[in-house]
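Reading through the structure tokens given below for one structure.
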Amino acid sequence: MATKEPNRSLLWPAVLVGIGVAGSLDEIVLHQLLRWHHFYDRGSQAAGLIADGIFHLASTAALVIGLVVLVQRWCPGPGPLRQAVAGILVGAGGFNLYDGIIQHKLLGLHQVRAGAPNNLPYDLVFIAIAAVVLLAGLLLLRLASSPSATPSRTVRNWGNG
């Protein structure tokens, strides 16, 4: 009796890695090193630090879980590498686009640089970078899923004439 091979796609674990990377970089660079904002800027400094800690735990968990599943599913070749890089870019860009539009602008949980006299330049740069990263990931994903991007299919079918 043949068993069905499980879905071994690298896309979703790679997206999770991208979310974890984006969240961790945001936490480390914007929250800790530059001290531009907290995850939640509407309360006290203590509330902001607690929110940052929870955010950091969540982004680290996403990064670790994504990496573990990615390594478990990994198989050598250029196709999986393209799919993994595309997924990481989609996850990072998508997360930062969500953060910039929803959390910064619509919910007002925090700004890119709290206390700046004009947040618009910071928002535009943050959202533009996120959009470029997301689009790069989507383009690479499209290239990775095109038939010409998977040479193993050609090699497998070559002997079948």
Side-chain angles (χ1 to χ4, degrees), residues 6-75 78-146 149:
N7 183 2
R8 304 292 290 176
S9 172
L10 300 178
L11 179 62
W12 292 112
V15 167
L16 200 54
V17 169
I19 291 169
V21 166
S24 294
L25 285 175
D26 183 289
E27 171 66 28
I28 292 165
V29 175
L30 299 179
H31 297 220
Q32 295 173 359
L33 295 176
L34 297 175
R35 294 184 285 164
W36 279 6
H37 68 260
H38 295 293
F39 181 74
Y40 181 72
D41 280 334
R42 289 181 166 180
S44 66
Q45 185 173 0
L49 289 173
I50 290 169
D52 283 351
I54 293 168
F55 174 63
H56 195 78
L57 283 172
S59 62
T60 302
L63 181 58
V64 169
I65 292 167
L67 282 172
V68 167
V69 175
L70 199 60
V71 168
Q72 288 174 342
R73 292 184 179 185
W74 190 264
C75 59
L81 180 61
R82 281 189 207 114
Q83 187 181 46
V85 171
I88 290 169
L89 292 173
V90 166
F95 174 82
N96 280 335
L97 197 59
Y98 160 80
D99 186 33
I101 293 172
I102 304 297
Q103 292 185 5
H104 296 179
K105 302 318 306 164
L106 295 179
L107 298 177
L109 293 177
H110 61 271
Q111 296 298 318
V112 175
R113 186 162 189 187
N118 183 3
N119 278 301
L120 186 60
Y122 296 100
D123 290 333
L124 291 177
V125 169
F126 189 88
I127 290 169
I129 291 170
V132 166
V133 171
L134 176 62
L135 287 174
L138 291 172
L139 287 172
L140 186 57
L141 184 61
R142 184 171 181 183
L143 289 173
S145 63
S146 70

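What you are looking at is a predicted structure, and each value in this text was computed from that prediction instead of being measured.
- The structure places OG of S145 at 9.5 Å from CG of L140, a figure rounded to the nearest 0.5 Å.
- In terms of heavy-atom proximity, Y40 sits nearest to A51 at CB-CB, 3.8 Å.
- Pairs passing the side-chain hydrogen bond (donor to acceptor under 3.5 Å, both in side chains) check and including a residue from residues 46-58, sequence neighbours excluded, read H31-D52, H38-D52.
- Expressed to the nearest 0.5 Å, how far CD1 of I54 lies from CG of L49 amounts to 11.5 Å.
- Annotation: ring-ring contact (aromatic ring centres under 6.0 Å, His included) contacts of F95 (sequence neighbours excluded): none.
- For the pair N96 and V133, the minimum side-chain heavy-atom distance is 4.5 Å or more.
- L139 CG to L89 CG: the interatomic distance, rounded to the nearest 0.5 Å, is 10.5 Å.
- For the pair W12/V69, no side-chain contact is recorded, criterion being any heavy-atom separation below 4.5 Å from C-beta on.
- Using a 4.5 Å cut-off on side-chain heavy atoms (C-beta onward), I127 and L97 make contact.
- In this structure, W36 CH2 and N119 CG are separated by 10.0 Å, a value rounded to the nearest 0.5 Å.
- A distance-only check finds a donor-acceptor pair linking the side chain of H37 to the backbone of Q111 [under 3.5 Å].
- Among pairs with a residue in residues 23-32, none fulfils salt bridge (charged side-chain N to carboxylate O under 4.0 Å, His left out), at least two apart in sequence or across chains.
- A distance of 13.0 Å separates CZ in F39 from CG in L30, rounded to the nearest 0.5 Å.
- Remark: V68 engages V64, Q72 in a side chain to side chain contact (heavy atoms under 4.5 Å, CB included) (not counting sequence neighbours).
- Judged as a salt bridge (charged side-chain N to carboxylate O under 4.0 Å, His left out), not a single pair has a partner in residues 88-98 (not counting sequence neighbours).
- Closest of all the heavy-atom pairs between W74 and L81 is CH2-CA, 3.6 Å.
- Contact between G137 and A86 at its shortest, heavy atoms only, is O-CB, 3.5 Å.
- The side chain to side chain contact (heavy atoms under 4.5 Å, CB included) search around A62 returns L16, not counting sequence neighbours.
- Contacts classified as salt bridge (charged side-chain N to carboxylate O under 4.0 Å, His left out) and involving residues 131-141 (residues at least two apart or in different chains) are not found.
- With rounding to the nearest 0.5 angstrom, the CZ atom of F55 is 6.5 Å from the CG atom of D99.
- Ring geometry for H110 versus H104: interplanar angle over 60°, hence perpendicular rather than tilted (30 to 60°).
- The side chain to side chain contact (heavy atoms under 4.5 Å, CB included) test applied to L70 returns L10, P13, A14, V17, A84, not counting sequence neighbours.
- The side-chain hydrogen bond (donor to acceptor under 3.5 Å, both in side chains) pairs that include a residue from residues 120-139 are K105-D123, R113-Y122, where partners are two or more places apart or lie in different chains.
- Applying the side chain to side chain contact (heavy atoms under 4.5 Å, CB included) criterion to V132, with sequence neighbours excluded, gives no partner residue.
- Within the structure, salt bridge (charged side-chain N to carboxylate O under 4.0 Å, His left out) contacts touching residues 53-70 (residues at least two apart or in different chains) do not occur.
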